[in-house]
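What follows is a single structure, written as structure tokens, with notes after it.
What's counted below: heavy atoms across the whole structure, side chains too, no hydrogens, waters or symmetry copies.
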Amino acid sequence: MFALILGIQLIRTNASLHKVNQQVATSERQLTKTKAENTQLDLKVKQLNNQDYVAQLIRSKYYYSKSGETIYSLPGDHASDVTAK
């Protein structure tokens with residue numbers, strides 16, 4: 001009888017351990033993904049603090065021009081980017 005109770009406890013403990021190990025693995029994958037996303041966002045913040053990058057971004061995305069400058073849209077351009085977002 002005592003061996004049966006210990007056996008059941010051992011099976012329950014083993015199942016709980018397996019479940020916890022799966023949760024740890026899932027959490028580690030999520031952490032890795034979040035760290036990579038954070039790195040990309042940090043890079044984006046650094047780029048947005050660079051005036052040359054921001055000027056280039058505005059000029060390319062919104063077809064912003066300097067005074068006296070003419071912008072021509074060619075068929076291969078991504079004109080839909082202007083209205084997107």
Check whether any side-chain heavy atom of Gln23 sits under 4.5 Å from a side-chain heavy atom of Lys19, and report yes or no.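 Touching, per the 4.5 Å side-chain cut-off.
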I'd like to check Leu41 versus Val45 (side-chain heavy atoms, cut-off strictly below 4.5 Å). Are they in contact?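 Sidechains of Val45 and Leu41: no contact.
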List in chain and number order the residues that pass side-chain hydrogen bond (donor to acceptor under 3.5 Å, both in side chains) with Thr26, two or more places apart in sequence or in another chain; answer none if no residue qualifies.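 For Thr26 the side-chain hydrogen bond (donor to acceptor under 3.5 Å, both in side chains) partners, ignoring immediate neighbours, are Arg29.
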Using the rule given for side-chain contact (heavy atoms from CB on, under 4.5 Å), can you reason through Leu48 versus Leu57, listing the C-alpha separation, both sets of side-chain angles and the distance that settles it, and then say yes or no? CA-CA 9 Å; Leu48 290 174; Leu57 180 67; 4.2 Å; yes
Side-chain heavy atoms under 4.5 Å apart, restricted to Ile/Leu/Val/Met/Phe/Trp/Tyr: what other residues fall into the cluster of Leu10, or is it alone?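 Hydrophobic cluster check, Leu10: no partners found.
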Under the 4.5 Å side-chain heavy-atom rule for ILVMFWY, direct or indirect, which residues accompany Leu4?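 Taking Ile, Leu, Val, Met, Phe, Trp and Tyr as members, Leu4 shares its hydrophobic cluster with Ile8.
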Quick one: pull up [atom1] in [X] and [atom2] in [Y] and give me the separation to the nearest 0.5 Å.
X: Asn21; Y: His18; atom1: CG; atom2: NE2; result: 8.0 Å
X: Asn14; Y: Gln9; atom1: CG; atom2: CD; result: 12.5 Å
X: Gln40; Y: Asn38; atom1: CD; atom2: CG; result: 10.0 Å
X: Gln47; Y: Tyr53; atom1: CD; atom2: OH; result: 4.5 Å

Does atom CD of Gln56 have more than 12 heavy-atom neighbours from other groups under 6.0 Å away?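 Check fails, neighbour count at 12 or below.
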